[in-house]
Participant: 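Here's a structure for you.
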Amino acid sequence: MERSSRNFKENMASPVELSVIVPTYNERPNVGRVVEALDASLAGISWEVIFVDDDSPDRTAEAVRSLARRDRRVRCLQRIGRRGLSSAVIEGALSSSSPYIAVIDGDLQHDERLLPEMLSRLREGRHDIVIGSRYAPGGGTGNWEKSRVSVSRWATRLSRAVIHTDLSDPMSGFFMITRDAFSARARNLSTLGFKILLDLFASAPGGLRYLELPYQFRQRSLGESKLDTQAMWEYAMLLGDKLFGRFVPIRFLAFVFVGGLGVLVHLALLALLYRVAELGFVTSQAAATLGAMTSNFALNNVLTYRDKRLRGWRWLRGWISFCAACSIGALANVGIAYFLFEMDTQWLLAGLAGVLVGAVWNFALSQTYIWNRPHRA
Ligand code: GDD
Ligand code: MN
């Protein structure tokens, strides 16, 4: 009894004050260097680092755990069957308990030497969040190519129009926030994409008292960027979610958008098979239907559900289930439209109602049974 209470007191001697959350995907060569960099700049501070790894094929998680076996300040949170920078950061923060939470990339592009100043500014209690900014006076993007700079600036402007903030670098993935401010917003975060900072600012309740500190964005020396290609679409999803998410799930809108493309694919295939290849109409129509379902499935897999993307066998199984779900959806569509038409509803309205019912059906089934199945390796 006495012994355990003494242990408890001993442990309380140095509670962790700062949890550093590092999202990683294929950063194996960098994790050791990140810990060393943190160790060097956080001298005198009681900290821990939580790497949130989405089951990277290069086995980043294993590398982190081997560091963690030697250093108790290091922890690994490995997520299986999931992807996404924002959700990784949120879950990492939720897995910790310290009063201050820092978020920093795992490729050493952010300047960890800024962390002590961020912490001391937060300790003063006048701010909820301190943000590393590339665009505040004194900051910079190093030698980024021109195209990337202009995309980044354009995205920044768009965010100002949509979400009212005058942050100089709303896309920053480098900041420190108090536990209280984070917890107050945790339930409203959309978890989509990678713009976690924007999400924090856009999420109720109330504004965040913020401070920006300039820093120079460094070159990535090892490994490669994962955000370049998917960035635009994920950004659109986040903005869409913040604008319309209250009324309709953003994934449903993405699903409908993909469905619209599917109609075009269908008509193009039909024209090609029936008019150009001169196959029979029914054969052409059936093949066009299969083609459109396949393209819808593939596009939903990379766009609507990119964070739960299916690959290999799971892709094949998903595709079969998707085609089955769509066939039933099509029956429901025709059934409802026919019923309304018989009830003297105008033909166009009856047709649209059928399409809507079919779309909701397909969405509900896909969401539940295709992209949310438990993940087994
Ligand atoms: N867990 C997890 N899951 N981590 C991820 C994922 C993912 O799906 N995708 C990327 N990461 C990790 C990377 O391993 C890296 O540590 C960090 O997130 C940033 O990813 P990079 O691929 O290096 O992004 P970047 O350098 O192109 O983007 C930087 O600039 C953006 C603004 O233009 C980052 O600082 C972003 O946070 C920032 O928004
Ligand atoms: Mn990077």
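One-based numbering, in listed order, for ligands and for the atoms of each.
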Participant: Please list, in number order, the atoms of ligand 1 under 4.0 Å from a heavy atom of Arg134.
Facilitator: 30 (O), 32 (C), 33 (O)

Participant: Any ion pair linking Arg251 and Asp307 (charged N to carboxylate O, less than 4.0 Å)?
Facilitator: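 Looking at Arg251 together with Asp307, the answer is yes, because their closest N to O distance falls below 4.0 Å.
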
Participant: So which atom in Met118 and which in Phe175 form the shortest heavy-atom distance, rounded to 0.1 Å?
Facilitator: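 That would be CE-CA, 4.1 Å.
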
Participant: Does the cation-pi check pass for Arg83 over Tyr25, that is, NZ or CZ under 6.0 Å from the six-membered ring centre and within 45° of its axis?
Facilitator: yes

Participant: Is any protein N, O or S atom closer than 2.8 Å to the Mn ion (ligand 2), and if so, which?
Facilitator: Asp107 OD2, Gln109 OE1

Participant: Are more than 12 heavy atoms from other residues, nucleotides or ligands located less than 6.0 Å from atom CZ of Arg59?
Facilitator: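 Incorrect, the count does not exceed 12.
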
Participant: Check each of Thr60, Asp105, Val103, Leu108 against atom 35 (O) of ligand 1 and report the one with the nearest heavy atom.
Facilitator: Asp105

Participant: Which atoms of ligand 1 sit under 4.0 Å from any heavy atom of Asp54?
Facilitator: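 With Asp54 as reference, the close atoms of ligand 1 come out as 1 (N), 2 (C), 3 (N), 7 (C), 8 (O).
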
Participant: Kindly identify the option in Ile21, Leu77, Thr24, Asp55 whose heavy atom sits closest to atom 4 (N) of ligand 1.
Facilitator: Thr24

Participant: At under 4.0 Å between heavy atoms, is it the side chain or the backbone of Gln109 that contacts ligand 1, or both, or neither?
Facilitator: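 Within the 4.0 Å criterion, Gln109 contacts ligand 1 through side-chain atoms alone.
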
Participant: For the residue pair Ser284 and Gly280, what are the closest heavy atoms and their distance?
Facilitator: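 Smallest heavy-atom distance, with atoms named: OG-O, 2.7 Å.
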
Participant: May I ask you to say whether Arg121 pairs ionically with Glu124, meaning some side-chain N is under 4.0 Å from a carboxylate O?
Facilitator: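 Judged by the 4.0 Å cut-off on N to carboxylate O distance, Arg121 and Glu124 do form a salt bridge.
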
Participant: Check this for me: does any side-chain nitrogen of one of Asp169 and Arg134 sit under 4.0 Å from a carboxylate oxygen of the other?
Facilitator: yes

Participant: Is there a chain of hydrophobic side chains (I, L, V, M, F, W, Y, each step under 4.5 Å between heavy atoms) that links Phe255 to Val357?
Facilitator: no

Participant: Would you mind running through ligand 1 and noting each atom that sits below 4.0 Å from a heavy atom of Gly173?
Facilitator: 37 (O)

Participant: Check ligand 1 against Arg220 and write out every atom of the ligand that is under 4.0 Å from a heavy-atom position of the residue.
Facilitator: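 What qualifies from ligand 1 is 21 (P), 22 (O), 23 (O).
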
Participant: Just checking Phe174 against Phe217, ring centres under 6.0 Å apart?
Facilitator: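 So the answer is no for these two rings.
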
Participant: Mind checking whether Arg218 contacts ligand 1 via backbone (N, CA, C, O), side chain (CB onward), both or neither, at a 4.0 Å heavy-atom cut-off?
Facilitator: neither

Participant: Could you tell me which atoms of ligand 1, counted from 1 in the order shown, lie closer than 4.0 angstrom to a heavy atom of His110?
Facilitator: 35 (O)

Participant: Of the listed options (Gly106, Ser87, Ala88, Pro170), which comes nearest to atom 16 (O) of ligand 1 when hydrogens are ignored and any heavy atom counts?
Facilitator: Gly106

Participant: Which ligand 1 atoms, with their elements, are less than 4.0 angstrom from a heavy-atom of Gly84?
Facilitator: 3 (N), 7 (C), 8 (O)

Participant: Here's a test for you: under ring-ring contact (aromatic ring centres under 6.0 Å, His included), which of Tyr305, Trp371, Phe297, Phe322 qualifies with Trp315?
Facilitator: Phe297

